[in-house]
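Comments concern the structure below.
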Protein chains: 2
Amino acid sequence: MVPFHRVFCNMQTLTVKPYAQPPERPATLADVAREAGVSVATVSRVLNSKLAVPITPETEQRIRDAAERLMYRPNAIARALATRRTYTAALFTQEMTDPHFAQMLGPVEDELRKRGYRLAVCTDAEGLLSEGRVDGAILLADPTNEAQGFGRLPIPTVFVWSARVPLPNCVTWDDVAGAALAVGHLAAHGHRAIVGLFGDYPDDGTTPDKVAGYRAAISAVPGSAGPIEWRGQLSSDQFENGFLLTRQALEAGREWTAIFARNDFLALGALRALRHAGIKVPDEVSIVGYNDTVIARIADPAMSSVLTPIAEAGALAAASLVDAIERRSHAVSGITLPVRLTERKSCAAPAHRG
Amino acid sequence: MVPFHRVFCNMQTLTVKPYAQPPERPATLADVAREAGVSVATVSRVLNSKLAVPITPETEQRIRDAAERLMYRPNAIARALATRRTYTAALFTQEMTDPHFAQMLGPVEDELRKRGYRLAVCTDAEGLLSEGRVDGAILLADPTNEAQGFGRLPIPTVFVWSARVPLPNCVTWDDVAGAALAVGHLAAHGHRAIVGLFGDYPDDGTTPDKVAGYRAAISAVPGSAGPIEWRGQLSSDQFENGFLLTRQALEAGREWTAIFARNDFLALGALRALRHAGIKVPDEVSIVGYNDTVIARIADPAMSSVLTPIAEAGALAAASLVDAIERRSHAVSGITLPVRLTERKSCAAPAHRG
DNA sequence: CTGAAAGCGCTAACAG
DNA sequence: CTGTTAGCGCTTTCAG
């Protein structure tokens with residue numbers, strides 16, 4: 001038997017053309033049936049390519065013609081009510097305009113489309129809580145945070161988030177390892193006094209993991225100067241905050257040679273402050289950012305940055321979500337993807353200073 | 001009478017809490033009715049705060065309790081089928097990850113939510129073509145481009161796009177004027193040889209307008225050196241292309257003193273190339289970008305950029321769309337918003353050269 | 001090979 | 001104040 005989503009796609013294909021003239025009242029299946037002189041059941045069958053039940057080629061043609069003539073377009077809502085399937089998956093995130101998030105949008109949509117599903121991006125949980133709107137959801141949220149109430153959604157769900165260990169129903173990567181990777185990279189270049197630029201951050205985001213990874217890695221480098229953490233909010237804008245924090249630190253003297261920032265905006269702010277102070281990157285100070293966004297790529301010098309596998313994670317999440325939906329199961333096994341480091345021009349050996 | 005969307009919101013509020021335990025089969029209105037010992041009509045009425053028809057406080061309480069007990073959540077699909085209203089509006093765009101687009105997302109969503117509507121972002125027209133999914137749509141597309149087939153959608157629709165004159169069902173700004181504004185700004189600083197950095201672009205985007213505006217403005221400045229247009233694609237990446245084009249032009253000699261780019265990515269590429277060539281911005285060359293995205297803000301020096309009113313346009317579009325939906329009319333009057341210029345640090349008087 | 005009919009879960013007259 | 005009853009447009013047994 002043809003899987004339903006194929007059928008669905010076929011139907012879409014059949015009917016996807018825009019109206020020549022928007023009709024007063026959209027044609028319904030019943031209209032087509034009347035026009036073709038058959039029953040709605042038959043119309044439904046041919047328009048859905050439900051050819052398991054064979055149909056006389058001649059009636060089939062009559063029906064297709066009628067549909068065409070009436071500019072029939074299926075009503076997605078009615079169909080969804082009858083089938084209990086919307087063939088759309090939700091992608092929930094609070095950060096729709098974040099460049100990090102942007103990296104996963106394309107892959108998720110592709111993967112979904114490939115399987116006959118549509119994507120609905122939503123920023124409020126309401127869309128997920130009322131019944132029937134979507135068949136499943138990808139959540140950019142912390143699966144261990146009970147407070148969000150995402151744990152008990154009535155639809156299959158897969159999280160995409162950072163975690164130290166594989167979690168069920170979650171595609172993860174390890175930000176602790178990511179931060180450590182950055183520090184390790186800097187250490188390998190010979191840096192011993194590496195600041196952690198964290199700015200201000202909530203307790204429930206991904207930053208605590210990065211802080212932890214930073215600390216652990218710092219204490220693991222031989223001859224390390226120990227953690228040097230820059231915190232605080234001098235501006236509500238990340239870029240600005242990175243700039244201000246760095247400038248402030250610079251005024252207090254400089255006994256560090258490298259900066260690891262928890263995201264690329266902060267890193268770019270630091271880069272800017274350094275340049276304005278006449279300090280050369282990477283000759284005098286090295287920097288590594290986080291998330292490997294467009295910001296890192298277009299910085300000058302282009303910044304090395306920790307690449308979280310959010311794009312692959314999204315694709316994987318989409319694939320497993322559809323799989324869960326079609327298996328009628330809420331369970332999808334967790335998987336952890338490795339983080340990497342994209343090397344660019346912002347790291348070098350520390351300068352010898354007198 | 002309470003407007004329906006308020007009612008809708010109330011209902012959402014009532015039922016928004018997540019399941020303690022996701023039920024085997026979600027409770028329906030009928031379940032609640034049975035549990036409370038009343039009819040579905042009554043349940044529907046109280047859960048929708050349809051208190052135009054008064055209801056005994058006691059039965060009301062019985063119903064609310066029953067709903068609570070059964071963890072009832074309305075089925076959005078069934079409701080939509082019955083009311084022929086989904087209370088969601090679509091935002092169609094091809095450029096979901098573009099920073100220019102990002103500027104309108106928040107305002108659109110806010111405006112919609114304020115009116116009791118939900119936002120569905122979509123990149124494929126299919127979502128708009130199948131009946132019933134959304135009540136209306138905001139289209140980031142050229143309303144004069146018939147080929148896209150958006151002209152004849154069965155739902156109320158408002159475009160957001162650049163146009164020289166107000167168009168019906170469209171919130172516009174004028175990119176011709178925007179480009180002219182940039183050129184005028186540069187000219188006011190004393191520049192006479194102003195290049196237009198256009199790179200490569202399709203015939204059907206907004207760029208042709210910018211080119212036209214650039215040319216018109218150039219020819220209007222007294223003593224102008226005439227248009228100097230940089231075209232071509234040295235890289236598929238805009239930033240890279242701006243860089244490469246500028247570097248190439250630099251090698252051929254420099255008899256211009258300012259650059260106007262059709263977007264901030266291109267402008268940043270030019271800025272980079274200039275710096276790498278040791279040319280100071282704005283001391284030796286001035287630059288103005290377009291769209292006033294985050295890119296312009298975080299450039300060094302921060303770049304002046306033409307600000308298109310896409311955020312206000314989005315908000316306005318959302319407001320008029322909802323209005324059209326509730327008026328059951330497809331007509332919304334067009335409006336043109338002014339473009340402005342955000343001044344930063346990338347413009348100055350041209351250097352005197354020997 | 002085709003049709004009749006029973007829903008999907010909810011809303012909205014219309015009676016009482 | 002509350003219940004009955006048609007639908008909304010489509011899918012899907014189950015008969016024929």
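The sequence lines fix the lettering, A, B, ..., with proteins before strands; numbering per chain opens at 1.
With salt bridges taken as basic N to acidic carboxylate O contacts below 4.0 Å, none links A/Arg62 and A/Asp65.
Side-chain contact annotation: A/Tyr117 with A/Glu326, donor-acceptor N/O pair under 3.5 Å present. Residues B/Thr172 and B/Thr336 have side chains that bring a donor and an acceptor to within less than 3.5 angstrom of each other.
Axis deviation across the helix from C/dC1-D/dG16 to C/dG16-D/dC1 amounts to 40°, comparing end segments of five pairs, rounded to 10 degrees.
With hydrogens and angles ignored, a donor-acceptor pair closer than 3.5 Å exists between the side chain of A/Arg45 and the base of C/dG3.
Comparing B/Thr42 and B/Arg84 by the nucleotide of DNA chain D that holds the closest heavy atom to each, the one mapping nearer the 5' end is B/Thr42. Between B/Ala82 and B/Gly37, the one whose closest nucleotide on DNA chain D sits nearer the 5' end is B/Gly37. Between A/Pro57 and A/Ala41, the residue whose closest nucleotide on DNA chain C is further toward the 5' end is A/Pro57.
Checking the phosphate oxygens (OP1, OP2) of C/dT11, a side-chain nitrogen or oxygen of B/Asn48 falls inside 4.0 Å. Between A/Thr59 and the phosphate of C/dC1, there is no side-chain N or O to OP1/OP2 separation shorter than 4.0 Å. Between A/Thr83 and D/dC10 there is no side-chain polar atom (N or O) within less than 4.0 angstrom of OP1 or OP2. For A/Arg79 and D/dT11, the shortest distance from a side-chain N or O to OP1 or OP2 is below 4.0 Å. The side chain of A/Ser39 contributes no N or O atom lying less than 4.0 Å from OP1 or OP2 of C/dA4. The phosphate of C/dT2 (OP1 or OP2) has a side-chain N or O of A/Thr56 nearer than 4.0 angstrom.
If you check C/dG9, D/dG9, D/dT11 against the side chain of A/Ala78, the one that comes closest is D/dG9.
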Determine all donor-acceptor pairs shorter than 3.5 Å in which one atom belongs to a side chain in residues 89-96 of chain A; sequence neighbours excluded.
unit_1	atom_1	unit_2	atom_2	d
A/Thr93	OG1	A/Glu95	N	2.9

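A donor-acceptor pair is defined here as one N or O able to donate and one able to accept, closer than 3.5 Å; no such pair exists between the side chain of B/Arg84 and the backbone of B/Ala80. The backbone N or O of B/Val332 sits less than 3.5 Å from a side-chain atom of B/Asn169, completing a donor-acceptor pair.
Under the salt bridge (charged side-chain N to carboxylate O under 4.0 Å, His left out) criterion, A/Asp142 pairs with no residue at all, not counting sequence neighbours.
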